[in-house]
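Chain identifiers are assigned alphabetically (A, B, ...) following the order of the sequence lines, protein sequences preceding nucleic acid strands; residue numbering begins at 1 within each chain. The model shown is predicted, which means the values in this text are computed figures rather than measured ones.
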Protein chains: 2
Amino acid sequence: MSNSRALPLLDPDVQPCCPPLNERPLTAEEAVRTAAMFKALGDPVRLRLFSAVASHEGGEACVCDISDVGVSQPTVSHHLKKLKDAGLLASERRGTWVYYRVEPSVLAAMGQLLTSAAR
Amino acid sequence: MSNSRALPLLDPDVQPCCPPLNERPLTAEEAVRTAAMFKALGDPVRLRLFSAVASHEGGEACVCDISDVGVSQPTVSHHLKKLKDAGLLASERRGTWVYYRVEPSVLAAMGQLLTSAAR
DNA sequence: CATCTATGTTGACACATGTCGAATCAAAGC
DNA sequence: GCTTTGATTCGACATGTGTCAACATAGATG
């Protein structure tokens with residue numbers, strides 16, 4: 001059991017929402033908080049929108065750039081709001097367009113939950 | 001583009017279901033596959049059950065050890081089946097009890113999706 | 001074989017969720 | 001002001017999902 005924590009890609013100061021999934025059983029409260037984040041990525045359309053934002057240059061994109069996912073524009077807006085409520089995206093209006101960008105710290109925390117459990 | 005893959009904790013030979021979320025926009029098909037895994041962990045009860053299995057000694061546990069999550073026994077069985085269908089858990093009957101264990105490769109793949117996107 | 005215990009399956013129900021069309025808001029340009 | 005374009009909100013609907021009680025199944029034990 002190598003306990004060497006050598007993950008160069010992960011920030012060491014991500015807020016520790018919850019312990020790694022294999023450290024101890026999650027409490028009910030921890031599970032509610034953590035499941036909400038996984039749930040936000042648990043829809044194909046939302047995952048595509050999120051990936052489109054994350055892969056866009058600068059880590060941000062306006063809605064007009066990513067709304068080509070096969071659903072109507074209100075539905076796109078609905079999903080973006082859910083991702084925003086889950087803390088995975090942040091939005092900002094600049095003139096005519098609204099830009100969404102990823103929230104890196106939360107994403108890193110989710111990654112740690114899984115990568116620590118995958119050893 | 002730095003293509004340096006330096007993640008010591010992660011198996012290099014995990015089946016590459018999908019690219020990291022920030023590499024390029026996911027296709028519809030990739031999003032469906034990936035979202036299914038996130039969705040499986042998007043329920044508090046399932047997340048607690050999964051964490052209970054993952055944190056149990058040996059990475060496996062019988063249902064009787066983890067079914068104390070505040071819902072009825074059929075509901076526990078229902079959620080375990082969903083985790084199994086999503087490929088996150090595997091089950092095996094040994095005598096009276098049924099043991100569940102985590103599927104490490106799939107978990108690592110999910111972790112890579114996020115940690116690569118978190119840089 | 002009968003019975004007990006541990007799990008899984010089925011059917012039903014309330015509730016959440018994804019989706020769209022229509023209406024609304026916000027900024028820019030005429 | 002009025003219109004146009006981009007984006008969100010609202011109202012409604014169909015579908016999906018979590019939950020439980022009841023029943024079914026598998027294995028162990030008498």
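In this structure, A/Tyr99 places its OH atom 9 Å from P of D/dA7, rounding to the nearest Å. Atom P of nucleotide D/dT4 and atom CH2 of A/Trp97 are separated by 18 Å, given to the nearest angstrom. With rounding to whole Å, A/Tyr100 atom OH is found 12 Å from D/dG6 atom C1'. Between A/Glu92 atom CD and D/dG6 atom C1' the separation is 16 Å, expressed in whole Å. When the C1' atom of C/dT7 is taken as reference, atom CG of B/Asp65 falls 14 Å away, rounded to whole Å. In this structure, B/Lys81 places its NZ atom 15 Å from C1' of D/dT17, rounding to the nearest Å. One interatomic measurement links the two molecules: CG of B/Leu83 to P of D/dG18, which rounds to 10 Å at whole-angstrom precision. Taking atom CG on B/Asp85 and atom C1' on D/dT17, their separation rounds to 14 Å, with Å as the unit.
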side-chain contact (heavy atoms from CB on, under 4.5 Å) between B/Leu41 and B/Leu83: does it pass, once the steps are laid out?
-> CA-CA 8 Å; B/Leu41 294 181; B/Leu83 286 169; 4.2 Å; yes

side-chain contact (heavy atoms from CB on, under 4.5 Å) assessment of B/Arg101 paired with B/Glu92 = CA-CA 9 Å; B/Arg101 67 178 181 280; B/Glu92 181 192 0; 3.8 Å; yes

side-chain contact (heavy atoms from CB on, under 4.5 Å) evaluation trace for B/Val102 with B/Leu89 = CA-CA 5 Å; B/Val102 299; B/Leu89 290 181; 4.1 Å; yes

Return the polar atom pairs (N/O with N/O) between nucleotides 26-30 of chain D and the protein under 3.5 Å, or none.
none

5' to 3', nucleotides 11-20 of chain C under a 4.0 Å protein heavy-atom cut-off (B base, S sugar-phosphate only, - none) gives ------SSBB

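Summarising the geometry of A/Gly87 relative to A/Val106, their closest heavy-atom pair is O-CG2, 3.6 Å, with the distance given to 0.1 Å.
Connection of A/Val69 to A/Tyr99 is not established within any shared hydrophobic cluster, with ILVMFWY side chains joined at heavy-atom distances below 4.5 Å, either directly or through further cluster members. Placement of B/Val98 and B/Val45 within a single hydrophobic cluster is found when ILVMFWY residues are connected by side-chain heavy-atom separations under 4.5 Å, directly or transitively. When the side chains of ILVMFWY residues are joined at heavy-atom separations under 4.5 Å, either directly or via intervening members, B/Val71 and B/Leu80 end up in a single hydrophobic cluster.
With hydrogens and angles ignored, the 3.5 Å screen pairs a side-chain donor or acceptor of A/Ser51 with a backbone N or O of B/Arg24. Side chain of B/Arg46 to main chain of B/His79: no donor-acceptor pair is present (N/O by atom type, distance under 3.5 Å, no hydrogens or angles).
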